[in-house]
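Report on one structure; see the data block that follows.
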Amino acid sequence: MAEAIARPRYGCALHGAVRTLTAIRGVVPIVHSNAGCAIQDALASRAGGFGNAQIAGCAIPGSAVQERHVIFGGASRLREQIKNSLKVFNGELYVVLNSCESAMVGDDIEAMTREAQEQGEPVIHSLLAGFHGDSHYGYETVMADLFSKLPDIQEILPKPAFSGDKRKPLVNILGILPQQDLYFRGELLELRRILTGAGIQANTFFLSPEGVKELAAASKADLTLVFSHWGVKAARKLEELYQIPYQTYDTVPTGMEEVETFVRQVAGVLSLPEETIHPFLKRERESFEACFACIREAFYAEHANHRFALVGEERQVKQYAGFLSNYFQARITAAVITDVPRNADTYEGLPLSAVSANSTESTGLLSKNTVYTSDAQEIARVLRSSSADIVLGSSLEADAAIQSQAVLLPSSWPVYRQAIYGKSWSGITGAITFAEDYMTKGKEMLRLREEKDFSFKRI
């Protein structure tokens, strides 16, 4: 349990905003806080090897306010830090973030930002104190703030905002959180590959070498695709300000059937003709079936129908449970959803009292053993009683997996002993990888049970 306390599952709202901004190429966050806020996020970012190649971790500029700034105000210190950051970092867009200290003291961050803009500098702000929520709240709020300030961003950018093909439809992708989603890079790459194959351009924001230009082009999109409820706030902002409709999905599509359904839905909204998408879907199906035939043969030969327990965010749990059930008829003995919105009276239409940490009633999502909690002790209790062979979760579930003689398959953040950069469990190629990992872990579980040694299996 000590590891769960020392290494929390989620950071604060400020951390979520920092991780989001550092994942957009060309954006430089400036944190108006004490030195510890940025350092804590840098330490947390080691889980899985994240960050932007341009700026990350302890290199993130911050005002490092001290006691005198809290007492007398830190606006002058922020002004100095903005000037220094503009000199040292070669960014296209600088975003000032506040913190718990600056929010409580009442530093006028908006005035400092406006002062920099009046001097011709590409500086905007997002008022996001850490105590407002966790890192999910930070993501959805900073993305909504960025979209609300698109006129400012488009005005201060020295180059044209959109360099794509105007003959092809353009979509924004939201709801896949940098770092918080363990496989976010691979998922975005796979979604972009699928959409490109169907003749659709995609603003992923977090992977493009022209990240700021994609951000500025968000208002020119024809549609926004939202893959978790954490992207709805920003999508609504785009709809409100720029009349861009959005579609929501419970999960990122995984496997051929889901991908085909997804492509046809998006193509229908964008009025793409069948001859545009049919050749691509035909090639994808042939490729997928050729690979999966081998996996299916090995599955039946090895009697690899195992019991699973899933721990993670709602989108992830639904995605992985659906794939395992549809393709392997897997038995889901427990599911723990960890990203319950803060201060919510209901969740997905259900009273929170009905889906509390002690609830074993069916929620219609997976099974009667679905639990909504991020409490480490409660999660451990659920896993120990699940009789699972394989646990899909984070490093925080390692001890509970060992105690129940199950193997841990990393699927959610944080993961401390494995580097994950471009891997995916989504789409077509990700589905094959998912199946390979599943079969590998099944073999490992059987071997360890034969040897009766689970003591060293920590991930």
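What you see is a predicted model; the values in this text were computed from it and never measured.
Residues passing the salt bridge (Lys or Arg N to Asp or Glu O under 4.0 Å) test with Arg307, sequence neighbours excluded: Asp389. Take Ala13 and apply the side chain to side chain contact (heavy atoms under 4.5 Å, CB included) test, not counting sequence neighbours, and it matches Leu128, Tyr137. Evaluation of the side chain to side chain donor-acceptor pair (under 3.5 Å) rule for Glu275 yields no partner, not counting sequence neighbours. Residues satisfying the side chain to side chain donor-acceptor pair (under 3.5 Å) criterion with Glu190, sequence neighbours excluded, are Arg193, Thr429. Among residues two or more places apart in sequence or in another chain, the salt bridge (Lys or Arg N to Asp or Glu O under 4.0 Å) test is passed with Asp437 by Lys423. Taking the salt bridge (Lys or Arg N to Asp or Glu O under 4.0 Å) definition, one finds that Glu436 meets it with nothing, sequence neighbours left out.
Within a 6.0 Å radius of CD in Glu297, no more than 12 heavy atoms belonging to other residues, nucleotides or ligands are found.
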Intermediate values then yes/no, salt bridge (Lys or Arg N to Asp or Glu O under 4.0 Å), Arg447 and Glu444: CA-CA 5 Å; Arg447 178 178 60 80; Glu444 181 180 311; 5.2 Å; no
Using ring pair (Phe, Tyr, Trp, His ring centres under 6.0 Å), reason through Tyr327 and Phe434 one step at a time and then give a plain yes or no. CA-CA 11 Å; Tyr327 286 90; Phe434 192 176; 9.7 Å; no
So Phe206 and Thr22, side chain to side chain contact (heavy atoms under 4.5 Å, CB included) or not? Walk me through it. CA-CA 9 Å; Phe206 303 130; Thr22 55; over 6 Å; no
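Between Val263 and Ala198, the shortest heavy-atom distance links the atoms CG1-CB, 3.9 Å. In this structure, Ser386 and Thr333 approach most closely via the heavy-atom pair O-OG1, 3.0 Å. Pairing each heavy atom of Leu150 with each of Ala216, the nearest pair is CD2-CA, 4.0 Å. Between Asn203 and Asn172, the shortest heavy-atom distance links the atoms ND2-OD1, 3.0 Å. Considering all non-hydrogen atoms of both residues, Lys168 and Gly199 come closest at CB-O, 3.9 Å. Between Gln316 and Ser412, the shortest heavy-atom distance links the atoms OE1-CB, 3.6 Å.
Arg283 and Glu286 are not joined by a salt bridge, as no carboxylate oxygen comes within less than 4.0 angstrom of a charged side-chain nitrogen. Using a cutoff of 4.0 Å between basic side-chain nitrogens and carboxylate oxygens, Glu258 and Lys318 are not scored as salt-bridged. One finds no salt bridge joining Arg236 and Glu239 here, because no Lys/Arg side-chain nitrogen approaches an Asp/Glu carboxylate oxygen to under 4.0 Å. Electrostatic pairing of Glu187 and Arg315 counts as a salt bridge here, judged by a charged N lying under 4.0 Å from a carboxylate O. Ion pairing of Glu210 with Arg25 is absent here, as no side-chain N (NZ or NE/NH1/NH2) approaches a carboxylate O to less than 4.0 Å.
Counting only N and O atoms by type, the side chains of Tyr372 and Thr338 include no donor and acceptor under 3.5 Å apart. No hydrogens or angles considered: nothing links the side chains of Gln179 and Ser135 as a donor-acceptor pair under 3.5 Å. Residues Ser228 and Glu314 have side chains that never bring a donor and an acceptor to within less than 3.5 angstrom of each other. With no hydrogens or angles considered, no side-chain donor-acceptor pair links Arg9 and Ser374 at under 3.5 Å.
Looking only at distances, no side-chain donor or acceptor of Ser287 sits under 3.5 Å from a matching main-chain atom of Glu284. Here the side chain of Ser404 pairs a donor or acceptor atom with the backbone of Ala401 at under 3.5 angstrom.
Inter-residue side-chain proximity for Val336 and Leu310 is flagged as unmet; no heavy-atom pair is nearer than 4.5 Å. Two residues are said to be in side-chain contact when any heavy atoms from C-beta on lie closer than 4.5 Å; Arg19 and Tyr139 fail this criterion. Looking at heavy atoms from C-beta onward, Arg192 lies in side-chain contact with Ser208 at the 4.5 angstrom threshold. Within the 4.5 Å cutoff, the side chain of Pro414 has heavy atoms near those of the Leu396 side chain.
Thr204 contributes atom OG1, which lies 10.0 Å from atom CZ of Phe184 (distance to the nearest 0.5 angstrom). To the nearest 0.5 Å, the span separating CG on Leu324 from CD on Gln329 amounts to 10.5 Å. If you take NZ on Lys441 and CG on Leu446, they are separated by 12.5 Å, rounding to the nearest 0.5 Å. Summarising the geometry, atom CG belonging to Leu383 is positioned 11.0 Å from atom CG belonging to Asp399; distances are rounded to the nearest 0.5 Å. Here the straight-line distance linking atom SG of Cys291 with atom CD1 of Ile428 works out to 10.0 Å at 0.5 Å rounding. In this structure, Phe227 CZ and Gln319 CD are separated by 10.0 Å, a value rounded to the nearest 0.5 Å.
Aromatic ring centroids of Tyr183 and Trp425 lie under 6.0 Å apart. Between Tyr242 and Phe147, a ring centre-to-centre spacing not shorter than 6.0 Å is recorded.
Taking the six-membered ring where the residue is Trp, Tyr10 and His136 present perpendicular rings, their angle passing 60° and hence far from 30°.
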